[in-house]
Peer 1: 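First the structure, which I've put down as structure tokens, then a few questions once you've had a look.
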2 protein chains.
Amino acid sequence: MVTERVSSLAKALEQEIIVGLLRPGERLDETSIAERFNVSRTPVREALRHLSSIGLVELRPRRGAVVASPGLKDLLEMFEVMAELEGMCGRLAARRLSERGRTELRQLHERSRVFVDDGDSDGYYEANVAFHEAIYQGGQNRFLADQTRRIRNRLAPYRRLQLRRRNRLAESFAEHDRILHAIMDGNEQLVDELLQAHVTVQGGSFTDFIASLSAELDQRVAG
Amino acid sequence: MVTERVSSLAKALEQEIIVGLLRPGERLDETSIAERFNVSRTPVREALRHLSSIGLVELRPRRGAVVASPGLKDLLEMFEVMAELEGMCGRLAARRLSERGRTELRQLHERSRVFVDDGDSDGYYEANVAFHEAIYQGGQNRFLADQTRRIRNRLAPYRRLQLRRRNRLAESFAEHDRILHAIMDGNEQLVDELLQAHVTVQGGSFTDFIASLSAELDQRVAG
DNA sequence: TCAATCGATATTGTATACAATGATAGCTTT
DNA sequence: AAAGCTATCATTGTATACAATATCGATTGA
């Protein structure tokens, strides 16, 4: 993307935000970050600006940077768009996935079964990412894949909770199964619907979903 | 978005790129830009980084910045995504547009008729932007509107040629007319199809479209 | 006791200085 | 004459210095 130091800084900070080490609303002091990474403020500022441009950080003029903490309305809007893009990836994959890609997707899905059986949610998390990533690839549209991934990452802090829900692993696996078959059948319409539901409602009721988002938001305000 | 000087710098440069003053592939020398705007290199670098993050500029490590010049494949990918998002805006607008918004959209469309009759393509360009902007608004999803606008701007340099085509004004107006009616009828499916076709094929044949993109690309390489 | 104002301090925004690397031109060699 | 190498130069990357502004606490007054 860019120069060495700045890009690794940006990646490190992005990862900390995605993983939840840096939580929404948290202050991002230029000097502290500079000291923490042993660099001057200059590359830190450039990294922060990049993160701001992709929506992970909010830059308030003369008042510093904070981890972006979108309101409930913002989140719903972002989920709506993410669902559309994930659905589009699925549709394109159903149409364009190569024979090799199909085999790979099937294998990825099969391999994720063990994590469900073991109740290994971290392991499943990785497998889940790989599954979706394979669908992105299958769409044969790198730009679309980038955009989708970007929104996905931006929403990551608010999706984590969802994944810890009871039975979520089995539910997710079952959904993946249906998605996989729809892709294999080339049923674009169905893939679209299944994927959209998969990434938004996340197996629970929509009300639960909203409630969990609200909870996350309250937590932020309280913190 | 950000601090005063940097953001105005970014906006100025973005505008120059969109309008075509700065052409794809053109070098963006930090020092020259700094001198041109009477600032130091620091804010220039930050502005360039922002533009890079939103895809308008390419930052090659230690080799400077250039106006992004995507290849044909990249362009097709971006058009594919833009079409999807414009279509989504239309679908949402068909579902959510308020009575006031509907009236406004109708008025905007009616007002654009004069530009067609006068053959005033610059005037129509503005009216066209306003028409689409009204649809964005109508979707009631600010995030989606931002994303769509962003891609639209990014593709602006490659859409300009299209708009100068013979008869394009009348064609575009006719398409807007169909889109408007579909929105008024709440026919989401139809709006989607019409808008996708409208923003990609642009009234001509798809082959013509590709050809014009290739031409633009060749021009870039030659320059 | 509380609110408001003013000043000290911390932090951001910008400029400049320095370091490091890529580009270029001239020279050498075959 | 052409290709490769080297030294110089231009440009980017980073650090530091300085300027400007927001934050926060103390003080004052009601």
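Per chain, numbering begins at 1; letters A, B, ... match sequence-line order.
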Peer 1: Evaluate the side-chain proximity of A:Asn128 to A:Ser172: yes if any heavy-atom separation is below 4.5 Å, no if none is.
Peer 2: yes
Peer 1: Might you work through the side chain to side chain contact (heavy atoms under 4.5 Å, CB included) test for A:Arg154 and A:Arg150, ending with a clear yes or no?
Peer 2: CA-CA 6 Å; A:Arg154 191 162 165 187; A:Arg150 187 172 277 197; 5.9 Å; no
Peer 1: For the residue pair B:His132 and B:His176, categorise the inter-ring angle as parallel (less than 30°), tilted (30 to 60°) or perpendicular (more than 60°).
Peer 2: perpendicular
Peer 1: Starting at atom CD of A:Glu46, determine the distance to atom C1' of C:dG13, rounded to an integer number of angstrom.
Peer 2: 13 Å
Peer 1: Scan side-chain atoms only and decide if B:Thr148 and B:Tyr136 contain a donor-acceptor pair under the 3.5 Å cut-off.
Peer 2: no
Peer 1: Looking at residues at least two apart in the chain, or sitting in another chain, which of them share a side chain to side chain contact (heavy atoms under 4.5 Å, CB included) with A:Ser32?
Peer 2: A:Asp29
Peer 1: What is the distance from CD of B:Glu35 to P of D:dA10, rounded to the nearest Å?
Peer 2: 13 Å
Peer 1: Does A:Arg60 have a side-chain nitrogen or oxygen under 4.0 Å from the phosphate oxygens OP1 or OP2 of C:dT11?
Peer 2: no
Peer 1: List in chain and number order the residues that pass side chain to side chain contact (heavy atoms under 4.5 Å, CB included) with A:Arg63, two or more places apart in sequence or in another chain; answer none if no residue qualifies.
Peer 2: A:Arg60
Peer 1: Quickly work out the B:Glu30 CD to C:dG22 P distance and round it to whole Å.
Peer 2: 15 Å
Peer 1: Can you see if the side chain of A:Arg63 gets near the phosphate of D:dT23 - specifically, an N or O under 4.0 Å from OP1 or OP2?
Peer 2: yes
Peer 1: What's the CZ-C1' distance between A:Arg27 and D:dC24, to the nearest Å?
Peer 2: 13 Å
Peer 1: Could you list the protein-to-nucleotides 15-19 of chain D atom pairs, N/O on both sides, closer than 3.5 Å?
Peer 2:
unit_1, atom_1, unit_2, atom_2, d
D:dA15, OP1, A:Arg5, NH1, 3.2
D:dA15, OP2, A:Ser40, N, 2.5
D:dA15, OP2, A:Ser40, OG, 2.8
D:dA15, N7, A:Thr42, OG1, 2.8
D:dT16, O4, A:Thr42, OG1, 3.4

Peer 1: Could you please name the option among C:dT12, D:dA22, D:dT12 that lies closest to any side-chain atom of B:Arg45?
Peer 2: D:dT12
